Asker: 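Could you have a look at this structure, given as structure tokens, before my questions?
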Amino acid sequence: MKILVVGGGGREHALVWKLAQSPLAEEIYCAPGNAGIADLAECVNIPAEDVDTLLEFARAEEIGLTVVGPEAPLAAGIVDKFTAAGLKIFGPSQAAALIEGSKALAKEIMEKYNIPTAAYASFTDRAAAEEYIRTQGAPIVVKADGLAAGKGVVVAMTEQEALDAVADMLSGNAFGSAGARVVIEEYLEGEEVSVLAFSDGKTVLPMVSAQDHKRVFDGDEGPNTGGMGAYSPAPVYTEELAEQTLHLVLQPAVDGMLAEGREYKGVLYAGLMVTPRGLKVLEFNARFGDPETQAVLMRLESDLVEIMLAVVDGRLDECTLKWSDDAAVCVVVASGGYPGKYEKGQPISGLDVEYPDTVVFHAGTKFVDQQVVANGGRVLGVTAHGATIAQAIEKAYAAVDGIHYEGCFSRRDIGYRALQREAK
Ligand code: AMP
Ligand code: GLY
């Protein structure tokens with residue numbers, strides 16, 4: 001079967017890498033892909049958001065399965081259009097993807113279906129929002145309702161910060177229309193875990209847990225990024241928490257979405273906070289996480305094409321997921337200045353070396369005259385597996401140390417929380 005993967009980051013490289021291992025995959029295309037993906041798939045120069053051209057391409061090439069990486073095409077209704085054209089596509093419909101696209105909707109669903117989450121209120125009126133902040137006090141969290149590329153959340157340690165964030169968002173200065181509504185919620189303390197699950201609209205199959213590192217600098221300092229690294233499993237996530245996540249979070253969310261006329265197919269990503277008062281949902285995403293996917297898929301032993309077809313056809317109840325006992329760690333190599341301004345076009349060295357038990361997933365690269373150059377903020381996701389998190393970390397950093405381009409940097413402490421737990 002011919003497969004098309006939509007997107008061109010580290011997540012999509014990991015998806016292509018895993019899909020290519022399936023005997024069902026005859027040919028893989030990736031739009032737009034990147035220099036690393038080009039080793040495994042034919043890259044097609046169509047932007048991930050250009051749904052109509054993607055549809056034309058999928059029709060012309062008789063693509064048997066399309067897999068969507070990023071949220072933008074989902075929000076633009078790519079799944080609805082492909083499905084209407086009789087093409088198989090893995091991902092939620094536009095109406096279902098709104099669980100990520102509208103934080104207000106996500107909170108309503110959680111409230112209605114008793115899914116544990118932070119107390120909240122949502123506002124379009126600035127005076128009302130300010131009043132709420134003054135009565136609740138700080139710390140408090142302000143979130144833009146719409147898609148803001150992971151940057152629409154302000155964890156305010158003072159009332160003034162929260163008031164400023166509200167003013168910024170509701171004035172439309174930050175995030176435009178995505179900030180026209182804000183959700184203000186209770187500040188939660190604890191350890192974060194990401195849990196991704198396959199859903200065919202009824203049956204939910206959770207994947208192994210992962211932990212992301214959102215801040216740019218070691219020790220969780222500096223501004224939020226798309227993610228500087230991830231590891232799997234997250235030792236904080238016990239069997240008991242996994243049971244609770246399935247029965248109190250994932251299944252009720254999928255059942256609730258069905259009841260709301262928003263049948264949820266694809267990957268549902270729950271961002272969880274393990275607090276002293278139990279598990280709480282921070283957010284839902286309608287897609288695979290990046291860089292969590294790089295670590296999680298490295299551990300998947302089952303055939304990903306088979307699973308995705310079962311999701312699309314609504315027969316996930318026939319599937320089980322098999323996982324490696326190894327741990328996996330992904331260290332992101334980023335460009336100086338990220339998540340702010342950064343340079344592009346620097347040649348990358350050290351990519352032609354084989355690093356043991358390691359895959360160097362490309363996130364933002366391209367070819368210029370046969371040379372791989374940096375082409376983004378997050379450039380590589382160096383991912384390794386080992387018997388323990390400590391071993392996986394060691395292998396990943398050995399490879400990171402062999403790779404270089406001008407201005408590159410990584411966090412040096414990916415997995416530190418897991419190491420502290422392994423040490424205990
Ligand atoms: P979100 O996009 O909603 O996951 O928020 C981005 C990040 O902000 C999360 O990964 C958390 O680190 C932090 N965050 C979000 N909501 C809360 C909350 N209610 N309490 C504390 N931190 C939060
Ligand atoms: N790594 C966080 C996300 O994909 O949203």
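Hydrogens, waters and symmetry mates are skipped; everything else that's a heavy atom, side chains included, is used. Given the structure is predicted, the values throughout are model-derived calculations rather than measurements. Both ligands and their constituent atoms are indexed starting at 1 by order of listing.
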Asker: What part of Leu282, side chain from CB on, backbone N/CA/C/O, both or neither, has a heavy atom under 4.0 Å from ligand 1?
Answerer: both
Asker: Any non-hydrogen atom of Lys103 lying under 4.0 Å from ligand 1?
Answerer: yes
Asker: Main chain of His385, side chain of Lys395: is a donor-acceptor contact present, judged purely on distance under 3.5 Å?
Answerer: yes
Asker: Based purely on interatomic distance, does Lys214 place a nitrogen or oxygen under 3.5 Å from a nitrogen or oxygen of ligand 1?
Answerer: yes
Asker: Give a yes or no on whether the backbone of Ala75 and the side-chain of Gln94 come within a donor-acceptor separation of less than 3.5 Å.
Answerer: yes
Asker: List for me each residue that meets side chain to side chain contact (heavy atoms under 4.5 Å, CB included) alongside Asp413, sequence neighbours excluded, and say none if there are none.
Answerer: Asp218, Arg411, Tyr416
Asker: Polar contacts were defined as any N/O atom of the residue lying under 3.5 Å from an N/O atom of the ligand; does this apply to Asn224 and ligand 1?
Answerer: no
Asker: Please find the pair of heavy atoms, one from Leu105 and one from Ile99, that lie closest to each other, and give the distance.
Answerer: CD2-N, 4.0 Å
Asker: For the pair Lys280 and Glu191, find out whether any cationic side-chain nitrogen is under 4.0 Å from an anionic carboxylate oxygen.
Answerer: no
Asker: Could you list the atoms of ligand 1 found under 4.0 angstrom from a heavy atom of Glu185?
Answerer: 16 (N), 17 (C), 18 (C), 19 (N)
Asker: Can you tell me which portion of Leu188 lies within the under-4.0 Å heavy-atom range of ligand 1? Options are side chain, backbone, both, or neither.
Answerer: both
Asker: Could you walk me through whether Val332 and Leu380 satisfy the side chain to side chain contact (heavy atoms under 4.5 Å, CB included) test, starting with their C-alpha distance in whole Å, then the side-chain angles of each, then the deciding distance to 0.1 Å, before giving a yes or no?
Answerer: CA-CA 6 Å; Val332 168; Leu380 303 167; over 6 Å; no
Asker: Indicate yes or no: does Arg417 engage Asp220 in a salt bridge with an N to O separation below 4.0 Å.
Answerer: yes
Asker: Using 4.0 Å as the upper bound for N to carboxylate O, is an ion pair formed by Lys112 and Glu260?
Answerer: yes
Asker: Compile the protein residues with any heavy atom at a distance under 4.0 Å from an atom of ligand 2; present them by chain, then by number.
Answerer: Asp212, Gly226, Tyr269, Asn285, Arg287, Gly289, Asp290, Pro291, Glu292
Asker: Determine the interplanar angle of the His362 and His13 rings, folded into 0 to 90°, and report it as parallel if under 30°, tilted if 30 to 60°, perpendicular if over 60°.
Answerer: perpendicular
